[in-house]
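First up is the structure itself, then whatever we jot down about it.
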Number of protein chains: 2
Amino acid sequence: MSAKTVSRVYDGSTNVSPDTRRRIEEAAARLSFRPNLLARDLRHGGVSSAVGFVLGDLTNPFYFQVAAGMERELAQHGLTMVLTATEDDPAEEERVAGTLLAQRVRALVLVPIAQDQSYLESERRLGTPVVTIDRPAHNLLADSVVLDNREGTAEAVRALTRLGHRRIAFVCSPADLYTHAERLAGYREALREVGVTDSSAWERLDDAGGRSTEAAVLDVLDQPDPPTAVVTGNNRASAALVRALGPARDDLAYVGFDDFDLADAFGFSVVAYDTREIGRAAARRVLERLADPQGAPVHVRIPTHLVARGSGERPPARSS
Amino acid sequence: MSAKTVSRVYDGSTNVSPDTRRRIEEAAARLSFRPNLLARDLRHGGVSSAVGFVLGDLTNPFYFQVAAGMERELAQHGLTMVLTATEDDPAEEERVAGTLLAQRVRALVLVPIAQDQSYLESERRLGTPVVTIDRPAHNLLADSVVLDNREGTAEAVRALTRLGHRRIAFVCSPADLYTHAERLAGYREALREVGVTDSSAWERLDDAGGRSTEAAVLDVLDQPDPPTAVVTGNNRASAALVRALGPARDDLAYVGFDDFDLADAFGFSVVAYDTREIGRAAARRVLERLADPQGAPVHVRIPTHLVARGSGERPPARSS
DNA sequence: TTGTAAGCGTTATCAT
DNA sequence: ATGATAACGCTTACAA
């Protein structure tokens, strides 16, 4: 009963007599034996069967929904997920990615926060697939899975302009540059479609001044010709709006990017999307990239859709 | 320049001349060389430097906050975290735990969902620490980290009785048996302290009847002598209460177990706790158990505290 | 159907 | 300060 025979029992080989197999399985159970995947992976070219996932802000449930989707999809293909966090410290990104690469993860999925991912270029060329989530990588030919941010806000704004709104504010809590810029662009684009070309008075973005987003909401509404509607650029801004205005405010229309808990209880209309699908799509990119290491980067765009709950379907208050 | 010399550069050995070290580091950078942790771990007794975390319900943000705390604490000690999910399928638990053990995780942390974890007993005896979260294991001498559920609801009820409430309802969405029983026990205990010995008319628990929790909330309030206050047993029940009653309902007092997003906007008083601390505590149990494999199981209890936001500080409406 | 030898990349031991 | 050798537990190639 050599090691090789035992190995055959566990690697799905058929060349084992039923009797031998049974005896081996018995002994294994008795000794709590379990094949050592470390050794197996080492033998198989020194590459593990885990995929590394680097994410930044652990307090944002968004990323965990992504992680959940990714884990499920990977598990169906015999891969596991190693999760690490950078706590939004750009300097940590390269270090934790390095740790994962040293663990010989099969692929690397990351939410980029550093301003440059070129440090991954050599690894990628050596055959480790890299997929970014939520935004594209900088200086790296990686696959990516991002939301259709631009179309998301554009759709929200269009729904409002169709109701007659023209003075529509855009308020966003500090967010990363990319999603921020895209969502803002969609907002402006949809306004331009109805002839509004200057919305600067209604935009309240990442406040360098350190003002809170709640203050920004109140501020944008406090002007001679106040907006009749508000679009929030992310769920943190939506929460700020709820806090600033109180739950029941029916003289103002608003739509938020990102769905959130109890938004239905508030009648809060939002631009939603399938968060877990982002993770599943990333996992699929990993699998396809492993099958076909060459080829140009693939960029997947996850669609958004408007969820009408009341707050976004109100026409402008008497004025017009 | 033998393999051993290169190894010395990376395992923190001092017996390398500055010159050799420099040459090796140069070559490593040029060739994108990185020590293979799989091989290292194999050499070190075939045990990896990852800790496995098995969780059930991926849609519950609670577990991800736990995961976040755990990951941070482990990372500080050079360990990584492999995350897997069972999707609340008890039958999956043993399978995914087995996968992790085959990967030779240094320890196993799990949120038990199966009715029996005895299948882990041999592994634990062989030296793999096992820590359960949120509830104790069944038939397994594992360490555990749980909330002080009983004291949590007791404190909530006491705050209400102090205001004069006596008819206090307890509503809970389906939850696992253990936390459920503990929270209910705390509720009854605190009621007994003020002489209320039969609360059965005010308890609406896991409804086998398939009624929704929202219906249960309305139902418990719809009786001849209705409760003047409600305690919800988990965040899902709190959400149901908000949906059933609407955001502004100030003729009823209520306190919910588990904090939730925008609870402050609702003025919803809750029994809160440090979710990430649960994960950190689990990581610390792992580390201590690795240092001292023997010894009786240690059970850590995470304290809860009442967060007053208005809804729980209202005295009974005129009746009394 | 089963076994032998070699090697995956690292490190402990024991030279030099 | 550096290197040769063997070994961690597995699997591929090649016998038997």
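In the text below, chain A, chain B and the rest are named by the order of the sequence lines, each starting its count at 1. Everything numeric here is computed off the predicted structure, so don't read it as measured data. We use all heavy atoms of the structure for the numbers below, so side chains are in, but hydrogens, waters and symmetry mates are not.
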Side chain to side chain donor-acceptor pair (under 3.5 Å) against A:Glu73, all qualifying residues, sequence neighbours excluded: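 Partners of A:Glu73 under the side chain to side chain donor-acceptor pair (under 3.5 Å) test: none.
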Among all residues two or more places apart in sequence or in another chain, which pass the side chain to side chain donor-acceptor pair (under 3.5 Å) test with A:Thr20?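 A:Thr20: side chain to side chain donor-acceptor pair (under 3.5 Å) contacts with A:Ser17.
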Using rotation axes that map the C1' atoms of four end pairs onto the next four (five pairs an end), what angle separates the end axes of the helix from C:dT1-D:dA16 to C:dT16-D:dA1, to 10°?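 For the helix from C:dT1-D:dA16 to C:dT16-D:dA1, the axes at either end differ by 40°.
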Starting at atom [atom1] of [X], determine the distance to atom [atom2] of [N], rounded to an integer number of angstrom.
X	N	atom1	atom2	value
B:Asn36	D:dC8	CG	C1'	13 Å
B:Asp19	D:dA1	CG	C1'	12 Å
B:Arg104	D:dG9	CZ	C1'	9 Å
A:Gln103	C:dG9	CD	C1'	16 Å

What residues, two or more places apart in sequence or in another chain, satisfy ring pair (Phe, Tyr, Trp, His ring centres under 6.0 Å) together with A:Phe33?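 Result, ring pair (Phe, Tyr, Trp, His ring centres under 6.0 Å) vs A:Phe33: A:Tyr10.
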Ring pair (Phe, Tyr, Trp, His ring centres under 6.0 Å) with A:Phe64: which residues, sequence neighbours excluded?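 Partners of A:Phe64 by the ring pair (Phe, Tyr, Trp, His ring centres under 6.0 Å) criterion, ordered by chain and then number, come out as B:Phe64.
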In terms of side-chain geometry, is the basic nitrogen of [X] or [Y] positioned less than 4.0 Å from the acidic oxygen of its partner?
X	Y	answer
A:Arg301	A:Glu182	no
A:Glu277	A:Arg284	yes
B:Arg135	B:Asp176	yes

Which residues pass the salt bridge (charged side-chain N to carboxylate O under 4.0 Å, His left out) test with [X], sequence neighbours left out?
X	answer
A:Arg22	A:Asp19, A:Glu26
B:Arg40	none
B:Asp143	B:Arg285, B:Arg289

Hey, can you pull the residues of residues 23-31 of chain B with a non-hydrogen atom under 4.0 angstrom from DNA chain D?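 Correct list: empty, so none.
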D:dT2 phosphate, OP1 or OP2, under 4.0 Å from B:Thr20 side-chain N/O: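 The answer is yes; a side-chain N or O of B:Thr20 sits under 4.0 Å from OP1 or OP2.
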Any A:Ser7 side-chain N or O less than 4.0 Å from OP1/OP2 of D:dG9: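 So the side chain of A:Ser7 is outside the cut-off, no N or O lying under 4.0 Å from OP1 or OP2 of D:dG9.
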From the list C:dT11, D:dC10, C:dG3, which nucleotide is the closest neighbour of the side chain of B:Ala3?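 From the listed options, C:dT11 comes nearest.
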Donor-acceptor pair, side chain of A:Glu71 and main chain of B:Ala85, under 3.5 angstrom: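 Here the side-chain-to-backbone pair exists.
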For nucleotides 13-16 of chain D, give me every protein contact, N/O to N/O, under 3.5 Å, one pair per line with atom names.
none

B:Ser2 or A:Ala39: which one's nearest nucleotide on DNA chain D is closer to the 5' end?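 Going by which nucleotide is closer to the 5' end, it is B:Ser2.
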Which residues in residues 40-50 of chain B have a heavy atom closer than 4.0 Å to any atom of DNA chain C?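 DNA chain C contact set from residues 40-50 of chain B: B:Arg40, B:Arg43, B:His44.
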Report which part of the nucleic acid B:Arg34 touches: base, sugar-phosphate, or nothing (heavy-atom distance under 4.0 Å, all strands).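 Answer is sugar-phosphate: B:Arg34 comes under 4.0 Å of backbone atoms only.
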Nearest heavy atoms of B:Asp116 and B:Tyr119, plus distance in Å: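 So the two residues come closest at O-CE2, 3.4 Å.
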Just to verify, which of A:Thr132, A:Leu100, A:Thr99, A:Val111 counts as forming a side-chain contact (heavy atoms from CB on, under 4.5 Å) with A:Val54?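 Among A:Thr132, A:Leu100, A:Thr99, A:Val111, the one that satisfies the side-chain contact (heavy atoms from CB on, under 4.5 Å) with A:Val54 is A:Leu100.
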Pairs in or reaching into residues 47-58 of chain A: which pass side chain to side chain donor-acceptor pair (under 3.5 Å), with residues at least two apart or in two chains?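 Residue pairs with at least one partner in residues 47-58 of chain A: A:Asp57-A:Thr59.
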